Amino acid sequence: MIIKYADSRQPQIQQVMRLLSRPDLSSKQRELLAKEIHAIEQGERGESNSAYEIDFHLKNTQNWAVIHDLRIEYQSRVAQIDHLLINRLLEIYVVETKNFNADLQINEAGEFTAWYQKRPFGIPSPLIQNEKHIAVLSQLCQALPLPTRLGIKMMPSFFNVVMIGNQQRITRPKGLDTKNVIKVQKIKEWVTKGGDVSLVHALSSMAKVVSSETLMELAQTIANQHLPLKHDYHARFGIPRQAPAVPAPQAPTPAAVAADAAPEPAGKLTSSRLAAKLGFNNTQALINQLLALGYLERVEGKTRLTPAGKEAGGEFKYSAKFGPYFIWPESLDVNIKVE
């Protein structure tokens, strides 16, 4: 049973894109904002792939409760948990998802290395990271109204699981147990076997089997503790909260004149004419908007048309007299409002 689905990341992405459309950003700020969008999208994609695999096996059973994307705060500590799987034995599997385009290597000391294009990069141990999540969740559970038996509160057991993408390769050490680092496709097999739980633990767990109704009540109680993070990108990237006043339009630059002087195909407008048609204060404001939309990109200081821009109908043109410029469909939908 799915108790909570993951929160949408689209409002977060839109917030970053609105900032990216501002004309007063430095090139470094633009680079960091673009990387932030990529990281959000990549994280959402990875968590979505993992959630699909979990939901496929567990969403229709009354013996499991699933919570996706849980952020809790307790005693000044925070835990951001990707997936929480709870069964009727009061076993809670805390699942950390790591999906990136790299192979993963674990050494004898439990240190993690990600290999990108044959180059190693040390990364924080997701197992240790998840242990901290479990510590916060365990303390929180002690304060929650847990099920009781014979007047004694029944405390859950916690299991640390790290999931990576099916396409990734894991290099494991021979002298260190890393069985709880698994690929997404192994999640059902892993939780069904209980992660090789000992016989003593299995017998003690059987003594505290709860009903499906009790399981769902407990899971809902935990899900109710979710506190979404409020992102302050202005503070994080050093961006003033109030955008500076847009200066009065200046005389057109040679590039703008070039675009205006060049002939336009039917139904197409140059950037400067499209900016005027859409009510932008100047051509650069429209260019910033197109950068935010992903229709244009800056590469080594030059503005280039992206595949998304081509699909939207943008074209790169070059005039021997006036130089390079872009043309766009006069009906181009620029749907992000400039602040």
Side-chain angles (χ1 to χ4, degrees), residues 8-23 25-49 52 99-103 114 116-119 165-168 233 237 253 255-256 258-260 262-280 282-320 322-339:
S8 172
R9 300 292 193 272
Q10 287 306 307
Q12 187 179 347
I13 293 173
Q14 291 296 325
Q15 182 181 353
V16 180
M17 292 184 72
R18 284 194 295 270
L19 286 177
L20 192 57
S21 70
R22 285 178 45 161
L25 302 183
S26 67
S27 58
K28 184 61 176 179
Q29 287 172 324
R30 292 190 183 282
E31 178 184 353
L32 291 174
L33 288 170
K35 287 183 177 179
E36 180 68 14
I37 292 175
H38 176 73
I40 296 170
E41 292 176 337
Q42 186 179 41
E44 183 176 41
R45 191 179 305 114
E47 291 177 19
S48 177
N49 292 339
Y52 172 82
N99 280 282
F100 38 70
N101 297 322
D103 292 330
Y116 295 89
Q117 298 179 349
K118 299 183 179 181
R119 294 181 59 193
N166 292 328
Q167 77 281 2
Q168 293 173 247
Y233 290 116
F237 296 110
T253 63
D260 286 335
E264 303 167 12
K268 293 289 182 78
L269 296 175
T270 60
S271 298
S272 59
R273 288 177 177 164
L274 180 61
K277 177 179 181 293
L278 296 177
F280 286 85
N282 51 49
T283 305
Q284 187 58 48
L286 173 63
I287 295 299
N288 291 335
Q289 194 83 320
L290 297 172
L291 286 166
L293 288 167
Y295 293 164
L296 295 175
E297 62 180 353
R298 295 193 190 279
V299 180
E300 297 180 350
K302 297 181 179 180
T303 304
R304 296 182 180 178
L305 191 66
T306 66
K310 293 178 181 178
E311 186 175 348
E315 297 182 45
F316 172 80
K317 295 291 184 180
Y318 183 83
S319 166
F322 299 108
Y325 62 97
F326 301 103
I327 61 173
W328 308 92
E330 58 182 345
S331 60
L332 184 68
D333 182 15
V334 183
N335 56 12
I336 299 177
K337 184 179 179 181
V338 178
E339 292 184 353

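We number each residue from 1, following the sequence as shown. Given the structure is predicted, the values throughout are model-derived calculations rather than measurements.
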Distance (rounded to the nearest 0.5 Å) between Leu332 CG and Leu293 CG: 8.0 Å
Glu36: partners by side-chain hydrogen bond (donor to acceptor under 3.5 Å, both in side chains), with sequence neighbours left out: Tyr233, Arg236
Polar side-chain atom of Gln284 near backbone of Pro23 as donor-acceptor pair, under 3.5 Å: no
Distance-minimising heavy-atom pair for Leu25 and Leu20: CD1-CA, 3.9 Å
Exercise: identify the closest heavy-atom pair between Glu330 and Leu274: O-CD1, 4.2 Å
Residue pair Ser8 / Gln10: nearest heavy atoms and the distance that separates them: OG-N, 3.2 Å
Shortest non-hydrogen contact between Gly314 and Pro329, atoms and distance: N-CD, 4.2 Å
Ala308: partners by side-chain contact (heavy atoms from CB on, under 4.5 Å), with sequence neighbours left out: Tyr295, Thr306
Glu315: side-chain hydrogen bond (donor to acceptor under 3.5 Å, both in side chains) partners, not counting sequence neighbours: Lys268, Lys317
Shortest non-hydrogen separation from Leu32 to Phe237 and the atoms involved: CB-CE2, 3.6 Å
Contacts of type side-chain contact (heavy atoms from CB on, under 4.5 Å), residue Leu291, not counting sequence neighbours: Ile287, Asn288, Leu296, Arg298
Worked verdict on Thr303 versus Leu290 for side-chain contact (heavy atoms from CB on, under 4.5 Å): CA-CA 10 Å; Thr303 304; Leu290 297 172; over 6 Å; no
Residues which pass side-chain hydrogen bond (donor to acceptor under 3.5 Å, both in side chains) with Arg9, listed by chain and number, not counting sequence neighbours: Glu47, Asp69
Between CD on residue Glu44 and CD1 on residue Ile40, distance to nearest 0.5 Å: 9.0 Å
Contacts of Lys310 that satisfy salt bridge (Lys or Arg N to Asp or Glu O under 4.0 Å) - sequence neighbours left out: none
